[in-house]
Structure formats: C-alpha cells, structure tokens
Amino acid sequence: SMASMAAATAFQYAAERRGCRIKWKPCNTKMSFANSEVAVLNWCMLVTFPTDPPVTTQIDVHDQGSVPILMSLPQMMNLCMTFECNPYSIFLTCDAFGYNRFPLKFSTSRHVILDLCKVKWNTTVGKANQVTSTFQTSSFPQ
C-alpha cells in the first residue's frame with residue numbers, strides 16, 4: 001500500500017487522536033507507476049488499529065504528490081476484508097473495523113472509496129463488532 005507524505009501525515013494527525021498507533025520506519029520500496037515512472041520510497045508507516053485483537057498494516061510513503069492512501073490487495077487481505085459486488089454497488093464486511101455489508105462509494109474514476117475518517121472500531125470493549133468509537137471528522141484524505 002502507498003500514500004503521499006501529505007496524506008500519510010494528515011492520516012497520522014487524525015488517527016493518533018482516535019487510538020491508532022503509528023510507527024515510522026525506514027524502507028527501500030521500489031514503486032512502479034502506470035505512467036512508467038519508478039520511485040524508491042524511503043519511509044513507511046506501520047498503523048496499528050485499536051481493535052481486539054489489534055490489526056497492523058504498513059503504508060509505504062512517497063515524498064512527493066498528493067496521492068491518497070491506496071490499499072493493496074495484500075493489505076485488504078491482512079485486514080480480512082470481504083467485498084460483495086454486483087453491477088451497481090459494493091459492500092464491505094470487515095470485523096476489524098466493525099463493518100457488516102457496509103455500502104462503499106465510488107470515485108469518479110470508478111475506484112472504491114473507504115473513508116478512513118469514518119472507520120468504526122471498538123476501543124473499549126472486547127469484541128471488534130461492538131462499536132464504541134467512531135471517526136467523526138474529515139481531517140485526512142480518503
């Protein structure tokens with residue numbers, strides 16, 4: 001998964017205030033883009049969501065641009081996401097985030113959007129599907 005530095009730092013600012021743990025570490029990721037450009041990413045952030053059990057995922061960070069956080073298939077698998085698709089809609093089930101058939105929106109380019117500002121998870125109860133904390137603001141990119 002990848003994000004621009006702007007998106008990653010905005011996410012960190014909002015997420016840490018809501019119980020996520022963020023740890024920066026050096027990396028050496030070679031990223032190839034659709035326009036044939038290649039970049040070497042030197043930093044990544046490990047995001048640990050306050051779920052029970054805690055779920056951690058890694059986001060590689062590009063120093064330039066304004067790319068939102070893009071989730072890779074392995075990252076979605078790490079978070080145990082399940083998608084139910086039909087020609088007109090898509091639903092997300094993700095126990096770690098407390099979602100059961102949550103309807104997702106599409107971008108104008110027809111990419112699925114998961115607004116991390118609105119991710120719900122349990123921060124005080126032992127079960128991830130008993131939601132007690134909700135992102136309320138839109139202070140970081142989708």
Side-chain angles (χ1 to χ4, degrees), residues 1-35 37-86 88-142:
S1 298
M2 189 200 84
S4 64
M5 183 62 76
T9 55
F11 174 75
Q12 179 178 5
Y13 178 80
E16 284 182 331
R17 284 154 181 74
R18 291 164 176 82
C20 287
R21 290 187 318 249
I22 309 292
K23 180 180 178 182
W24 287 85
K25 69 176 197 170
C27 68
N28 187 24
T29 304
K30 184 177 179 180
M31 187 71 62
S32 299
F33 298 96
N35 64 0
E37 288 186 25
V38 176
V40 176
L41 310 183
N42 298 309
W43 289 98
C44 65
M45 57 192 287
L46 296 176
V47 179
T48 302
F49 294 95
T51 56
D52 183 16
V55 175
T56 301
T57 195
Q58 178 175 312
I59 300 170
D60 295 328
V61 179
H62 195 307
D63 290 337
Q64 300 174 11
S66 59
V67 174
I69 297 172
L70 304 175
M71 295 180 121
S72 66
L73 183 57
Q75 183 181 34
M76 290 184 269
M77 293 167 66
N78 180 47
L79 295 169
C80 297
M81 292 181 170
T82 301
F83 297 95
E84 180 183 331
C85 305
N86 66 50
Y88 308 104
S89 58
I90 185 166
F91 299 91
L92 170 65
T93 297
C94 179
D95 288 342
F97 291 156
Y99 285 148
N100 183 22
R101 296 195 77 244
F102 181 79
L104 297 176
K105 295 181 180 182
F106 291 95
S107 69
T108 54
S109 62
R110 301 296 292 161
H111 289 88
V112 177
I113 297 172
L114 173 59
D115 187 347
L116 293 176
C117 301
K118 296 179 180 170
V119 165
K120 302 174 183 180
W121 62 73
N122 172 10
T123 59
T124 60
V125 182
K127 302 279 186 215
N129 58 3
Q130 295 176 326
V131 177
T132 59
S133 178
T134 304
F135 277 52
Q136 296 291 332
T137 66
S138 292
S139 57
F140 57 93
Q142 297 176 340

Going by heavy atoms in the side chains, are Asn78 and Cys80 under 4.5 Å from each other?
no
For the residue pair Met45 and Ala8, what are the closest heavy atoms and their distance?
SD-CB, 3.5 Å
Identify the two heavy atoms, one from Ile59 and one from Gln75, that lie closest to each other, and give their separation to 0.1 Å.
CG1-NE2, 3.9 Å
How long is the straight-line distance from SG of Cys44 back to NZ of Lys23, given to the nearest 0.5 Å?
10.0 Å
Looking only at heavy atoms, what is the nearest atom pair of Ile113 and Leu104, with distance?
O-CD2, 3.7 Å
Between side-chain atoms of residues 24-33 and protein atoms elsewhere (two or more places apart, or another chain), which donor-acceptor pairs fall under 3.5 Å?
unit_1	atom_1	unit_2	atom_2	d
Trp24	NE1	Gln12	OE1	2.8
Thr29	OG1	Asp60	OD2	3.4

Worked check of side-chain contact (heavy atoms from CB on, under 4.5 Å) between His62 and Val67:
CA-CA 8 Å; His62 195 307; Val67 174; over 6 Å; no
Does Phe106 offer a backbone N or O that forms a donor-acceptor pair with the side chain of Arg110 under 3.5 Å?
no
How long is the gap from CZ on Phe83 to CZ on Phe91, to the nearest 0.5 Å?
13.0 Å
CZ of Arg21 to OG1 of Thr56, rounded to nearest 0.5 Å, is 6.5 Å
Minimum heavy-atom distance between Pro54 and Thr48, given as atom pair plus value:
CB-CG2, 3.8 Å
Which atom of Pro50 lies closest to which atom of Cys20, heavy atoms considered:
CD-SG, 3.9 Å
Distance check, rounded to the nearest 0.5 Å: Thr82 atom OG1 versus Arg101 atom CZ?
12.0 Å
Closest non-hydrogen atom pair, Gly65 against Ala6:
O-CB, 4.4 Å
Under 3.5 Å, side chain of Thr57 to main-chain N/O of Val47, donor-acceptor pair present?
no
Mind checking the CG-OG spacing from Leu41 to Ser4? Nearest 0.5 Å is all I need.
11.0 Å
Less than 4.5 Å apart, any side-chain heavy atom of Met81 and any of Leu114?
yes
